[in-house]
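Worksheet for the structure shown next.
What you see is a predicted model, and the numbers here were worked out from it, not measured in a lab. Side chains are part of it too, since the values below use all heavy atoms of this structure and drop only hydrogens, waters and symmetry mates. Convention: sequence-line order gives letters A, B, ...; per-chain numbering from 1.
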Amino acid sequence: MSDEQLLAKAYDPADVESKWYSFWEDRGSFHADPASPKQPYTIVIPPPNVTGILTLGHVLNNTLQDILIRFEKMRGRETCWVPGTDHAGIATQTKVEAALKKELGLTRYDLGREKFLEHTWAWKEKYGGAIIRQLRTIGSSCDWQRERFTMDPGLSSAVQEVFVRLFEKGLVYKGRRIINWCPKSRTAISDEEVEYKEQRGHLWHFRYPYADGSGYVVVATTRPETMMGDTAVAVNPKDERYAGKIGQKLVLPIVGREIPLVADDFVDPAFGTGAVKVTPAHDPNDYEMGLRHNLPFVNIMHDDGSMNDDAGAEFSGLDRFACRKAVVARMKELDRLEKIEDYTHQVGYSQRGDVPVEPRLSEQWFVRMAPLAEPALAAVNDGRIRFYPERWVKTYRHWMENIKDWCISRQLWWGHRIPAYTCDRCGELTVAREAPAACPKCGHASLTQDPDVLDTWFSSWLWPFSVFDWPRETPELKRFFPTHSLVTGPDIIFFWVARMIMASLEFTGQIPFRDVFFTSIIRDDQGRKMSKSLNNSPDPLEVVKTYGADALRFTMIYIAPVGQDIRYSNEKCEIGRNFANKIWNVVRFRLRLGPAAANWQSLDGLTSADLRPDDQWIIARLNATVASLTAALDAFQFNEVSKILYEFIWNEFCDWYLESCKPVFNAEKAPRQAVVLRVFDYCLGTFLRLLHPAMPFVTDELYHQMGFAADQESILDADWPAPMPGPALAGLGATDDCVALAQAKFELVRAVRTLRANYQIPTSRSLAEIVVVPAAAAAADYLRRDLDTLKAILGADDLRIRDAYQASGPCGVAVGGMATAYVPLAGVVDLKAECERLAKQEDEIVKYLASLQAKLGNEKFVARAPVEVVAAERAKQAEFEAKLARVREQLTAFGTQA
RNA sequence: GCGCGCAUAGUUCAGUUGGUUAGAACGCUAUCUUCACACGGUAGAGGUCACAGGUUCGAAUCCUGUUGCGCGCACCA
């Protein structure tokens with residue numbers, strides 16, 4: 001073998017990875033054909049925010065999807081992975097406004113709606129979708145020809161269609177309500193977009209005097225700044241402290257307005273002072289009370305959270321938090337401040353704006369959710385849709401059963417504009433797919449479209465079918481919808497997963513997907529959430545540069561516990577890097593011996609007689625690996641997938657099989673060489689295919705290096721390995737028995753190695769002679785079948801199998817379950833140390849036998865445990881009794897020598 | 001308050017329907033640069049499976065309770 005044909009000593013992923021991705025993409029490996037006769041398998045990507053960049057969360061999420069897609073593709077399905085992004089209304093608009101301010105010093109109002117949208121589209125084309133390009137670096141096999149954006153014409157018309165249909169069904173309505181308002185983004189948001197944070201604040205106790213001068217009522221509030229909007233004070237009707245006072249007038253301090261004392265069951269007499277100031281325009285509960293008691297609704301704030309003129313000249317223009325301070329100061333001055341208590345409570349924050357939400361009374365559009373929730377709940381309850389891990393079903397159920405209407409209008413410009421039109425003359429509201437030419441009621445030709453846009457999730461919830469151009473009956477829609485697997489984070493179970501199920505059932509009558517896999521949340525190695533402020537979120541592209549994409553992918557699934565948070569650190573990627581290097585070196589080793597065996601694809605034609613015990617063992621293990629890996633993939637057990645792959649190639653193939661092959665390969669033209677090479681290549685070819693979904697780059701590279709695929713082919717086109725049928729395995733002698741015998745042999749080898757280690761005899765130094773005395777005839781037969789390999793693995797110049805052995809001189813003894821190995825070591829062996837070691841081993845066996853005896857001596861165990869279990873315990877007892885006898889025999893022998 | 005989850009080796013975690021002498025990776029100790037790999041090999045130390053009960057012939061595994069930690073939902077100003 002000439003030097004230039006050798007692989008580099010260590011695997012360097014950089015070149016390999018860039019080469020293969022463009023190879024796959026150029027040859028259209030990822031493109032799905034709706035006309036294909038193959039059974040389809042579809043995944044739609046959870047569309048990332050168009051302004052976003054790749055995070056480790058995306059890496060995990062998309063690695064899992066890619067594993068599924070590649071696995072199913074190799075398994076023979078027509079796979080379709082639809083990528084794309086969503087328009088992220090608030091985030092994008094905010095970003096573009098910031099850029100506009102910075103570059104041109106302009107606001108969106110300076111540009112006007114139309115110009116601003118043009119500007120935003122231009123920005124999107126230029127900077128948007130970076131994340132989609134980045135996905136390629138981790139190997140995502142998306143069908144890029146099908147990339148979609150939620151504001152594409154097709155998807156936009158789906159949004160219009162849905163809005164109109166829901167309106168016509170009475171499931172979309174416009175209403176004046178208290179909604180969650182983000183003063184920073186100046187838009188309504190949905191309940192789901194509010195995050196509650198615990199906050200240390202105060203409970204201010206204010207004295208509100210009776211109008212008749214007969215004293216005062218003390219109210220407690222966390223929000224003094226809203227008091228200018230108070231239109232009542234409420235107490236519990238059963239509260240005796242206020243008996244007879246209901247209906248009396250109080251004078252609102254500072255403002256001077258007279259407000260009534262009302263009785264309402266909502267008020268908890270035990271909390272605070274038992275009296276609540278009622279601000280119907282600024283609190284959801286107060287709003288309800290306001291309705292019940294016919295109170296006025298006084299809005300005292302602008303949409304940016306600053307105070308308006310109705311708050312009074314003193315406060316007008318102040319920000320709400322500045323106003324809070326000012327109100328407290330003023331109340332103190334007026335001697336209306338009774339006391340201030342420390343108070344820790346939950347404050348709702350706008351997820352996007354990260355500022356406290358302001359409950360705001362305004363007119364918005366809502367979706368009536370209860371009718372949609374019912375079938376969506378049923379689809380999960382009856383198992384048509386399955387969640388992994390299953391426990392998320394409970395969360396889903398709870399939300400569905402307590403569902404509230406969804407506020408879908410947003411006071412933004414970037415998004416799908418609401419297709420509702422108001423007649424400029426008669427005020428009639430028309431909802432239509434096309435802008436009406438004239439008012440259907442009065443015939444007036446001038447109508448004004450609702451200025452608001454729809455929540456981004458109102459387009460995302462249609463994603464599984466809108467990407468296929470629903471409501472048009474496209475071939476893609478017919479072929480690839482319903483989709484199969486959804487891989488997403490549990491944090492958007494309500495935002496997205498639940499709503500997709502509702503939308504899909506409502507509009508297509510079908511479930512959107514069969515299986516939902518919820519990924520782990522990624523934290524840093526101290527368990528903290530990744531965040532910009534902590535600067536603890538590594539850039540995946542840097543990680544790929546350092547370790548390789550395969551390494552990152554493999555590490556992710558290796559460290560991802562099922563259904564729990566991942567603790568990630570860059571150093572952990574060494575797991576994947578080392579793993580890739582290990583496999584690289586297997587191929588490097590193999591290629592030194594020449595090209596792949598011509599008939600590597602199968603073991604057809606071979607029989608038990610052609611194979612060494614170790615060949616049979618690795619075939620059996622490979623076969624078990626094929627079966628368990630396939631099962632793990634089917635069950636979405638990705639962590640298990642990584643462990644199975646790792647265990648097989650490292651601990652079985654490299655540690656034992658490859659070592660076992662060395663003596664055969666090193667021998668001059670050993671007759672077995674061809675067969676062993678074929679088995680070796682068969683295992684390697686099979687393994688590379690099994691590994692491909694997890695580590696696509698290095699596997700395709702090595703598959704080609706081995707010559708398993710032609711230049712223009714990809715491992716991705718290869719068939720997924722199928723387990724061999726039982727009779728075929730039996731014919732090759734790859735049986736459970738052969739596995740058990742091999743394991744016993746390995747135990748014996750380890751025992752000899754322990755001896756070497758004890759006497760510090762390096763592997764490089766061969767032992768002159770080893771004598772093995774098998775414990776039984778079967779063991780003797782087994783060992784005699786391949787003495788050469790055993791000799792080489794033990795590092796012995798001479799290896800003899802004997803029925804009995806009496807060492808003539810100082811001798812190390814390794815007692816295994818299968819046999820005892822004698823290693824004559826004149827001048828090295830320390831008799832005392834040997835005795836101590838054997839005595840320790842004796843102790844261990846005695847202890848173990850005692851535990852077995854305790855079990856087997858228990859009549860109830862023997863009577864009630866399954867027969868196989870009892871039989872297994874008996875077999876162990878027999879085995880260890882025999883082993884104990886041999887250890888004791890040896891101790892005796894040493895005793896007489898001493 | 002309601003719901004969910006977690007607690008196993010120094011660390012991070014496996015442990016599938018109860019039955020293996022409780023495993024792996026990293027770290028640690030010793031040793032080896034032998035011609036696949038030091039991103040490696042070999043050997044070794046290290047755990048009363050949070051605690052208390054219970055079910056069972058048998059519990060890390062199932063049940064109940066306790067403690068600690070995390071998450072979600074809902075909140076009384």
Rounded to whole angstrom units, what separation is found between the NZ atom of A:Lys860 and the C1' atom of B:rU55?
13 Å
Output a table of nitrogen or oxygen pairs between the protein and nucleotides 75-77 of chain B separated by less than 3.5 Å.
| unit_1 | atom_1 | unit_2 | atom_2 | d |
| --- | --- | --- | --- | --- |
| B:rC76 | OP1 | A:Asn285 | OD1 | 3.2 |
| B:rC76 | OP1 | A:Asn285 | ND2 | 2.1 |
| B:rC76 | OP2 | A:Asn285 | ND2 | 3.3 |
| B:rC76 | O2 | A:Asp268 | OD2 | 2.5 |
| B:rC76 | N3 | A:Asp268 | OD2 | 3.0 |
| B:rA77 | OP2 | A:Tyr343 | OH | 2.8 |
| B:rA77 | O3' | A:Thr222 | N | 3.2 |
| B:rA77 | O3' | A:Thr222 | OG1 | 2.9 |
| B:rA77 | O2' | A:Ala220 | O | 2.6 |
| B:rA77 | N6 | A:Asp268 | O | 2.5 |
| B:rA77 | N6 | A:Phe271 | O | 2.9 |
| B:rA77 | N1 | A:Asp268 | N | 3.3 |

Is it true that A:Asn570 and A:Tyr568 share a donor-acceptor pair across their side chains at a distance under 3.5 Å?
yes
Among all residues two or more places apart in sequence or in another chain, which pass the side-chain hydrogen bond (donor to acceptor under 3.5 Å, both in side chains) test with A:Gln743?
none
Heavy atoms under 4.0 Å, any strand shown: does A:Leu658 hit a base, just sugar-phosphate, or nothing?
base
Base, sugar-phosphate, or nothing: which does A:Pro866 touch, judged by heavy atoms less than 4.0 Å apart?
base
Would you mind classifying the nucleic acid contact of A:Glu868 as base, sugar-phosphate or nothing, using non-hydrogen atoms under 4.0 angstrom?
nothing
Atom CG of A:Leu748 and atom P of B:rA43 are separated, to the nearest Å, by 13 Å
Could you state the atom-to-atom distance from OH of A:Tyr396 to C1' of B:rC4 in whole Å?
18 Å
Inter-nucleotide C1' distance (B:rC37, B:rC32), Å rounded
15 Å
What class does the angle between the rings of A:Trp650 and A:Tyr646 fall in, given that below 30° is parallel, 30 to 60° is tilted and above 60° is perpendicular?
parallel
What integer distance in Å separates A:Asn758:CG from B:rG44:C1'?
9 Å
Taking B:rA59 as the reference, what is the distance to B:rC51 when you measure between their P atoms (whole Å, please)?
15 Å
Mind telling me whether A:Tyr388 and A:Phe636 have parallel, tilted or perpendicular rings, with 30° and 60° as the class edges?
tilted
Among all residues two or more places apart in sequence or in another chain, which pass the side-chain hydrogen bond (donor to acceptor under 3.5 Å, both in side chains) test with A:Lys582?
none
Please name all residues satisfying salt bridge (Lys or Arg N to Asp or Glu O under 4.0 Å) with A:Glu659, sequence neighbours left out, ordered by chain then number.
A:Lys662
Take atom CD of A:Glu192 and atom C1' of B:rG72, then tell me their distance rounded to the nearest Å.
13 Å
Determine: side-chain N/O of A:Lys394 to OP1/OP2 of B:rG3, distance under 4.0 Å, yes or no.
no
Can you tell me, in whole Å, how much space there is between the P of B:rG3 and that of B:rA74?
16 Å
I'd like the P distance from B:rA24 over to B:rU64, given in whole Å.
33 Å
Measuring centre to centre across the rings, with the benzene-like ring taken for any Trp, is A:Phe579 within less than 6.0 Å of A:Tyr558?
no
Under 6.0 Å between ring centres: does that hold for A:Trp399 and A:Phe494?
yes
Using the C1' atom as the reference point in each nucleotide, state the distance between B:rG46 and B:rG10 in Å, no decimals.
8 Å
How are the rings of A:Phe206 and A:Tyr208 set relative to one another: parallel (under 30°), tilted (30 to 60°) or perpendicular (over 60°)?
parallel
Partners meeting salt bridge (Lys or Arg N to Asp or Glu O under 4.0 Å) with A:Glu225 (sequence neighbours left out)
A:Arg223, A:Arg324
Output yes when at least one side-chain N/O atom of A:Arg588 is less than 4.0 Å from OP1 or OP2 of B:rC37, else no.
yes
Mind calculating the distance between CG (A:Leu593) and P (B:rC37) to the nearest angstrom?
13 Å
Partner set under side-chain hydrogen bond (donor to acceptor under 3.5 Å, both in side chains) for A:Asp550, not counting sequence neighbours
none
For B:rG5 and B:rA22, measure between their C1' atoms and round to the nearest Å.
23 Å
Quick one: on RNA chain B, does A:Asn651 or A:Asp191 contact a more 5' nucleotide (nearest heavy atom)?
A:Asn651
Dump the pairs, protein N or O against N or O of nucleotides 10-17 of chain B, anything under 3.5 Å, distances to one decimal.
| unit_1 | atom_1 | unit_2 | atom_2 | d |
| --- | --- | --- | --- | --- |
| B:rU12 | O2' | A:Lys572 | NZ | 3.4 |

For nucleotides B:rU11 and B:rG58, find the distance between their P atoms and express it as a whole number of Å.
33 Å
Any residue meeting side-chain hydrogen bond (donor to acceptor under 3.5 Å, both in side chains) with A:Trp656, in chain and number order, not counting sequence neighbours:
none
Can you work out whether A:Ser851 or A:Cys654 has the more 5'-proximal nearest nucleotide on RNA chain B?
A:Ser851
Partner residues of A:Phe266 under the side chain to side chain contact (heavy atoms under 4.5 Å, CB included) criterion, sequence neighbours left out
A:Asp264, A:Asn285, A:Met289, A:Arg292
Proximity to the side chain of A:Phe494 - top-ranked nucleotide from B:rG5, B:rA36, B:rG72
B:rG72
Distance test, side-chain N/O of A:Lys662 to OP1/OP2 of B:rC35, below 4.0 Å:
no
Determine the Euclidean distance between corresponding C1' atoms of B:rG23 and B:rC62; express it in Å to zero decimal places.
22 Å
Can you tell me if NZ on A:Lys197 sees more than 12 non-hydrogen neighbours from other groups inside 6.0 Å?
yes
List the residues meeting side chain to side chain contact (heavy atoms under 4.5 Å, CB included) with A:Arg567, not counting sequence neighbours, and say none if there are none.
A:Lys572
Distances for protein N or O near nucleotides 38-42 of chain B N or O, under 3.5 Å:
| unit_1 | atom_1 | unit_2 | atom_2 | d |
| --- | --- | --- | --- | --- |
| B:rC39 | O4' | A:Arg577 | NH2 | 3.2 |
| B:rC39 | O4' | A:Asn578 | OD1 | 2.9 |
| B:rC39 | O2' | A:Asn581 | ND2 | 2.9 |
| B:rC39 | O2 | A:Arg577 | O | 3.3 |
| B:rG40 | OP1 | A:Asn578 | ND2 | 3.1 |
| B:rG40 | O3' | A:Lys582 | NZ | 3.1 |
| B:rG41 | OP1 | A:Lys582 | NZ | 3.1 |
| B:rG41 | OP1 | A:Trp650 | NE1 | 2.5 |

Is the distance between the ring centroids of A:Tyr396 and A:Phe387 under 6.0 Å?
yes
Pairs under 3.5 Å (Watson-Crick or G-U), crossing ones as [ ], inter-strand ones as |: RNA chain B comes out as (((((((..((((.....[...)))).(((((.......))))).....(((((..]....))))))))))))....
